[in-house]
Amino acid sequence: MQNDEVIWQVIRHKHCSFMSKIETGIFCRNPYNVTGICNRSSCPLANSRYATIRDHDGVFYLYMKTIERAHMPNKLWERVKLPRNYEKALEIIDKHLMYWPKFLAHKTKQRLTKMTQMRIRMRKLALKTREKIMTTPRKEKKREARREEKAEKAAVLDKSIERELLERLKKGVYGDAYKDIYNYPFDKYQKVLEGEEMQLDTEREEEEEQEPEIEYVEGYDELEEEDDIEDFAGFSIDNSHADDDNVGSEEEAEAVTRKRERKESAFASRRFEKDEPAAKLKKKPRVLVEVEHEDSGVRQKAVH
């Protein structure tokens, strides 16, 4: 039959794998220890009647051990799931540990309180965003830098080759054998050319969508003459209406007549300059022909 005092003497004075001695004291690393201190009342191995609280993925369980199940290691501990409500969990502990030692019931409740406070703090820390500091080895940094430099050089070289081949293809250097240029696929050339055409089309559409600019151009002489004739005709009409209606003063009439004379003189001079070469070309020598009739004896002159 098991004796708790013999077990404690062996564990305490000879050897225990869960014992941890440090400067501040002696502690127990057994997960079933209710206080974490290595002493006679808190040792889960040296007490045949024991109770504690354990956490499984955020859920608390009440573990209980009795002497009746000491001969069955696979059924040594009896566990009861505790609710998330702190008060209801205390009620369940009081119900199951009603006839147990008061010290053990008090330490179990104290452990439940500590674990509940720890769970609340964990939730608050999870909600906060913190910067995660990560270290990278110096060799890895150098290796990544060398790889980046090589990749940049290769990208620049590929782009320059592609640009040169496109320019030669546009100039027609390769003729009909453009599909086998350095074993380079023709689909990429076609895609680039289509992209350039689409870009030109979009630029044209943008130019068409823009508002047309207003331009000012110098007029022609013929248009100016037609405008002068229209002004003159309108002036004559206006003048006739003014005479009929007897509207206007003498000074305005004089100014209008002077303006009309100036326009007429300018118009006449322009017409004379235009008609002068035509008149010179049409001018021919005149021929006089005399015709005499026998009956009357009168001579008539005809000009040709």
Side-chain angles (χ1 to χ4, degrees), residues 1-140:
M1 190 174 178
Q2 152 178 346
N3 191 342
D4 295 343
E5 189 63 30
V6 173
I7 294 172
W8 171 248
Q9 291 298 328
V10 171
I11 290 172
R12 179 66 175 176
H13 299 289
K14 290 189 177 179
H15 176 70
C16 179
S17 60
F18 298 106
M19 187 185 296
S20 178
K21 293 182 179 181
I22 57 175
E23 295 179 358
T24 55
I26 302 172
F27 296 94
C28 180
R29 292 177 294 184
N30 194 309
Y32 290 94
N33 195 311
V34 72
T35 59
I37 300 171
C38 183
N39 54 24
R40 175 72 178 80
S41 59
S42 299
C43 183
L45 302 176
N47 290 283
S48 58
R49 197 178 194 186
Y50 200 78
T52 184
I53 303 290
R54 292 196 66 186
D55 182 11
H56 291 282
D57 298 329
V59 181
F60 297 155
Y61 290 91
L62 173 63
Y63 280 76
M64 295 173 289
K65 182 178 75 169
T66 58
I67 191 64
E68 289 81 10
R69 293 190 299 275
H71 65 285
M72 293 185 294
N74 59 343
K75 297 180 181 178
L76 184 63
W77 293 92
E78 177 188 0
R79 74 175 187 178
V80 179
K81 184 179 179 180
L82 299 176
R84 299 186 73 85
N85 192 349
Y86 177 70
E87 295 178 356
K88 291 182 179 180
L90 290 177
E91 291 177 1
I92 291 172
I93 291 172
D94 289 334
K95 180 181 177 181
H96 285 83
L97 303 181
M98 186 181 298
Y99 302 106
W100 288 51
K102 299 294 181 182
F103 171 79
L104 200 58
H106 173 68
K107 290 297 181 183
T108 305
K109 291 179 183 178
Q110 190 175 12
R111 183 176 176 84
L112 176 67
T113 305
K114 293 286 185 181
M115 293 177 72
T116 304
Q117 293 174 354
M118 183 183 67
R119 183 166 60 182
I120 292 168
R121 288 196 299 271
M122 288 173 66
R123 287 178 184 173
K124 288 182 179 179
L125 291 173
L127 293 174
K128 290 181 180 179
T129 56
R130 291 186 175 182
E131 294 181 358
K132 190 175 181 180
I133 300 172
M134 298 180 67
T135 59
T136 55
R138 188 180 299 174
K139 291 183 179 179
E140 188 176 350

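Keep in mind that this is a model prediction, so the values were computed, not measured.
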Original post:
Tell me, do Ile26 and Arg12 make a side-chain contact under 4.5 Å, heavy atoms counted?
Top reply: yes

**OP:** Considering non-hydrogen atoms only, spot the tightest contact between Leu104 and Ala51 and give its length.
**Re:** CD2-N, 3.6 Å

Original post:
Do Asp94 and Lys109 have side-chain heavy atoms sitting under 4.5 Å apart?
Top reply: yes

Original post:
With side chains defined as the heavy atoms from C-beta onward, is the minimum distance between Leu62 and Ile53 less than 4.5 Å?
Top reply: yes

Original post:
Which pairs pass side chain to side chain donor-acceptor pair (under 3.5 Å) with one or both residues in residues 97-107, sequence neighbours excluded?
Top reply: none

**OP:** Kindly write out the residues that satisfy side chain to side chain donor-acceptor pair (under 3.5 Å) with Thr113, not counting sequence neighbours, or none if the list is empty.
**Re:** Tyr86

Original post:
Would you call Arg40 and Asn47 a side-chain contact if the rule is heavy atoms closer than 4.5 Å?
Top reply: yes

Subject >> Under 3.5 Å: donor-acceptor pair, side chain of Tyr50, backbone of Ser42 >> reply: yes

Original post:
Do Asn30 side-chain atoms and Phe18 backbone N/O form a donor-acceptor pair below 3.5 Å?
Top reply: no

Original post:
Looking only at heavy atoms, which two atoms of Asn33 and Arg111 are closest? And how far apart?
Top reply: O-NH1, 3.4 Å

**OP:** Keeping the roles fixed (side chain from His13, backbone from Gln9), state whether a donor-acceptor pair exists under 3.5 Å.
**Re:** no

Original post:
Would you say the side chain of Arg121 lies within less than 4.5 Å of the side chain of Gln117, judging by non-hydrogen atoms?
Top reply: yes

**OP:** Look only at the side chain of Arg54 and the backbone of Tyr32, and say whether a donor-acceptor pair between them is shorter than 3.5 Å.
**Re:** no

**OP:** Decide yes or no for Thr116 and Phe60: does some side-chain heavy atom of the first lie under 4.5 Å from some side-chain heavy atom of the second?
**Re:** yes

Original post:
Do the rings of Trp77 and Tyr63 sit parallel, tilted or perpendicular, given the 30° and 60° boundaries?
Top reply: perpendicular

